[in-house]
Amino acid sequence: MAGSYDNLNTRQHTLYSEPRQNESGYITPASRSKRTSNWIKFGVPVLIIVIIAAVVGGVVGSRHKGSSSASSVAAVASASAASASAVASAAASAKVALGRFPAATDSFYMIPVYPSTTDSVAFSSPTFVPTSQNSWPKDPFQPSTPDVLTVRPDRPRLIAPAYKWAALPNLIANDPYLQFWNETIFKNASDYKAAVPVVYFLDGDSGILDNARQIKQRIKAFAYVYRMTNDSSWVDRAWEEIQNAAGNGTTTFGPEEDRWNSVHFLDTAELSAAFGIAYDWLYDQWSADQKSMIISTLLKYGLEPGINQVTTSAGWWRNNITGNWNCVCNSGLTMASLAILNDDVSGIAKQLLQTTIDNAKDNCAQAVSTDGTWAETANYWYFGTTGHAEMAASLLTATGSHFGLLDVNPNFDRTGQFHMYVSGATSLFNYGDHGPNKYSTTANSMMFYADFYNEAEYALFQRDQYDAAEPWSMFWYDSSVVGAFWDGKPLDHFFDSNSDHWASMRSTWTDVNALYVAMKAGTLQNHQTHNDLDCGDFVLDALGTRWAGELGSGDYRSPNYFLSDAQDADRWKYYRKMTEGQNTILVNKANQNVQAAPTVKFGTSNTTQGPTTVFEVPTDSTAFFTTDMTSAYFDATSVKRGVRLLNGRKQVLLQDEFTTSTEVMWRMHTNATVAVDGATATLTLDGQTMKVEMLNPPAGAVFNTSAAVRFDSDPTPPAPDQENPGVTVLMIDLPAGQYTLQVLFNPQWPGSVSYVTPPTVALDNWSLTSHN
């Protein structure tokens, strides 16, 4: 989409040698250290460096204190007649004794590593258990008829009102997660404080979004630590950052006439939010002159350009943009306007508040489809929901109402389910574009939604993630939540909106070595030009690594990258966006039809994990997803694809049935080292092995490999492709004809494992028992 941004293009080669969130799903096998780490990291370039050995010791200690703890666990677990409240109360007590659930974090994928235990008290069904010790008090600001132009009389008014700050120390003292996050925020703030103010960098036509988000991240941390310590040096450091972003620092911050780069309004919106937070959270510490300076800078570089955006065609993001742009831009303008309302004599803040909310309800809030899937991609969910949650939370705390932003879309509450199921055993099912660095965009909207929608599992899921430790969590997390998100949580889910059509299947929620498969179909247009031509695309995790993965974003600065999603669009000439660059079927070496309308079928045994982290999958547990994606191809009479889990979710069968009038190719991208031998292939990665074999292969069908590069016959893109070093394409080439192609994936699990050879069953006849 015009104006979208990514600064990863100079280094996002699908590989990373440093431990970090893996946005592409690919790694350098030679450089990755296959281990777990007791270090949690978040934020680029400043990292959280907080060791949690003491926490790990607490977890281990809680399991080795003697028989009294074990007997209490057994007593609760065996009390089948115990009331739900009694179980919840036991979980609340066990929560304190156990501490943070994860014992460590995977050093590359940043996935929580849970201890193997059958103790089930703390791992009970997700719920909230309000008590005087761990619940927020009631907000004293309860207007009978909320008005967006009538804000609470006390400060702060954004996200964290005074009554929450007053309650926070006691909550921290009684909750291990809040304790850890608080320590981490202090450590981050110290790192930011020691660094020079953010240096202005305009990334070509792509903007200064990383600068803006980094400044916002710092302001939040500085203001948080000040309010927790009353140490004015943090106010001084916040002022230094503000002065720098206003153009009054030791280095130049953008051109005087447009320092916040309003032509790429995401940048302006994030900086507006940062200044709004600074003004509001540190309101009592600013002098009259400082307040005047903050307001004048905010008006000149943020809200006045905002008026231009909302009243002219410059604000293209206001018109039928159901995605992150609308959420972030409306949120930034709203937060800043709420912060200075009544102090702004220009009236601009009032004017903006009378337009941003309705526009966000018509656009931002509609980015969640009927099944909860985000309209763009799994990564853009972060940006969109962060903007949406910040805006809704600020409206609630400042005015007493969200004015319909949280319920105008009756399906918005389902988007937490989307995020949970799109998160695999190693990383996201990260189809399509990934977006820029997530300086200030976490998944902590899950905690806000958990509270508002009464979905305890959202908070329980997010609190264990590497990005949870930042100021919003301290106020969005309701520490009366107890239990485990995985207790009673189905292993599979089918997302059935026609625009999406995708399935998520796994073997467990609590083991980084789990098997995870996700596959998509859905339409190929109306995704804010962030999608790929990828009907039938899939990812596969097992043994702690990703075997079939995504290439991710192309270079966002490439000519016409976001211009169009029409069939002849230049976007579809870039390797990472074309069908050739996906894990799917390629017919006649041509892109899929953008007007594709696949049909799908899904089945699941509805297996749930239960309350403990140790889970033995029943032998008859299975799930499958099939799609007729004939409409996605120009030179095919029929193309169908199906994937299913076999043998107690230890093996994966991928089956394709197609009739074509021209050549056809099966393709899968992997970081593994691949050795092929006719109808079999052996993949090795991170010291693990995956065996791949064709069952009853068609005559002449063999595996072969190539580098992840375009065919010589492909149309030339407007700019060269990004390279994909270390990525191998596993392929099967077949001439025109009618075929059934069965590919069986056998992860080489440790121990004695018996592998099965499934029968050949036509996709139309697949059922839960068809492969018994």
Side-chain angles (χ1 to χ4, degrees), residues 20 39-52 54-55 100 110 155-156 158-160 162 164-166 168-169 171-173 175-199 210-246 249 270-271 273-286 290 294 335 339 386 390 437-442 444 447 463 465-477:
R20 58 163 291 167
W39 300 85
I40 301 269
K41 299 181 180 180
F42 169 58
V44 181
V46 180
L47 303 177
I48 290 175
I49 312 291
V50 180
I51 192 164
I52 59 171
V55 176
R100 296 172 61 244
M110 307 304 288
R155 296 277 185 169
L158 301 180
I159 308 290
K164 282 202 168 187
W165 288 100
L168 189 57
L171 293 174
I172 292 173
D175 186 273
Y177 286 89
L178 289 172
Q179 291 168 18
F180 176 68
W181 299 338
N182 183 67
E183 293 169 1
T184 303
I185 295 167
F186 269 71
K187 178 60 174 67
N188 275 351
S190 295
D191 290 340
Y192 304 151
K193 188 179 186 181
V196 299
V198 174
V199 177
D210 273 353
N211 287 174
R213 287 183 165 148
Q214 193 174 4
I215 291 168
K216 180 181 175 185
Q217 184 184 48
R218 290 185 177 191
I219 293 298
K220 287 164 61 178
F222 296 152
Y224 175 87
V225 175
Y226 164 72
R227 295 191 68 89
M228 295 297 289
T229 63
N230 290 321
D231 179 351
S232 62
S233 68
W234 296 101
V235 181
D236 296 338
R237 184 60 183 85
W239 179 248
E240 183 182 10
E241 203 71 51
I242 289 170
Q243 283 280 76
N244 183 67
E270 292 282 38
L271 281 164
F275 268 55
I277 294 164
Y279 188 84
D280 181 58
W281 277 26
L282 300 174
Y283 185 84
D284 294 337
Q285 295 302 303
W286 300 132
Q290 287 175 315
I294 294 174
M335 293 179 73
T386 295
E390 287 178 342
N437 286 326
K438 300 179 181 68
Y439 283 115
S440 68
T441 36
T442 68
N444 290 329
M447 298 189 195
R463 71 180 186 178
Q465 307 304 317
Y466 82 99
D467 61 341
E470 57 98 25
W472 285 177
S473 302
M474 304 302 292
F475 305 100
W476 285 350
Y477 177 64

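Computed from a predicted structure; not experimentally measured. Values reported hereafter were calculated over all heavy atoms of this structure, with side chains retained and with hydrogens, waters and symmetry mates removed. Residue numbers run from 1 in the order of the sequence given.
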Donor-acceptor contact present, side-chain [X] to main-chain [Y], <3.5 Å:
X	Y	value
D467	T442	no
W286	I294	no
K220	P471	no
S473	A469	no

Notebook entry, point to check: Listed by chain and number, what are the side-chain hydrogen bond (donor to acceptor under 3.5 Å, both in side chains) partners of R237, not counting sequence neighbours?
Noted result: E241
Margin query: Ring centres under 6.0 Å, that's the criterion: do Y226 and W281 meet it?
Written below: no
Note to self: Run the side-chain contact (heavy atoms from CB on, under 4.5 Å) test on M228 and I172 for me, step by step, so that the C-alpha distance in whole Å, both residues' side-chain angles and the decisive distance to 0.1 Å come before the verdict.
What the structure shows: CA-CA 11 Å; M228 295 297 289; I172 292 173; 3.7 Å; yes
Note to self: If you define the side chain from C-beta out and look only at heavy atoms, does anything of Q214 sit under 4.5 Å from D210?
What the structure shows: no
Margin query: Is there a side-chain contact between S233 and K193 in this structure, where contact means two heavy atoms from C-beta onward sitting under 4.5 Å apart?
Written below: yes
Working to the nearest 0.5 angstrom, can you tell me the gap between [X] [atom1] and [Y] [atom2]?
X	Y	atom1	atom2	result
F475	L158	CZ	CG	12.0 Å
W234	S232	CH2	OG	12.0 Å
F180	R463	CZ	CZ	13.0 Å
F222	E240	CZ	CD	8.0 Å
M335	E390	CE	CD	5.0 Å

Notebook entry, point to check: Can you name the ring-ring contact (aromatic ring centres under 6.0 Å, His included) partners of Y283, sequence neighbours left out?
Noted result: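 Partners of Y283 by the ring-ring contact (aromatic ring centres under 6.0 Å, His included) criterion, ordered by chain and then number, come out as Y279.
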Looking only at heavy atoms, what is the nearest atom pair of [X] and [Y], with distance?
X	Y	result
K216	A274	CA-CB, 3.7 Å
A245	I215	CB-CD1, 3.9 Å
I219	A238	CD1-O, 3.8 Å
G276	A339	O-CB, 3.3 Å
K164	I159	CD-O, 4.5 Å
A212	E270	CB-CB, 3.8 Å

Note to self: Would W181 and E470 count as a side-chain contact (heavy atoms from CB on, under 4.5 Å) here? Give the steps.
What the structure shows: CA-CA 7 Å; W181 299 338; E470 57 98 25; over 6 Å; no
Note to self: Between R155 and D280, does the salt bridge (Lys or Arg N to Asp or Glu O under 4.0 Å) criterion hold? Intermediate values first, please.
What the structure shows: CA-CA 7 Å; R155 296 277 185 169; D280 181 58; 2.9 Å; yes
Would [X] and [Y] count as having a side-chain donor-acceptor pair, cut-off 3.5 Å?
X	Y	answer
Y224	N182	yes
T229	D231	no
Q285	W239	no

Next item on the list: Kindly determine whether N444 and Y477 satisfy side-chain contact (heavy atoms from CB on, under 4.5 Å), including the steps that lead there.
Entry: CA-CA 9 Å; N444 290 329; Y477 177 64; over 6 Å; no
Notebook entry, point to check: Could you walk me through whether V198 and R218 pass the side-chain contact (heavy atoms from CB on, under 4.5 Å) check?
Noted result: CA-CA 9 Å; V198 174; R218 290 185 177 191; 3.8 Å; yes
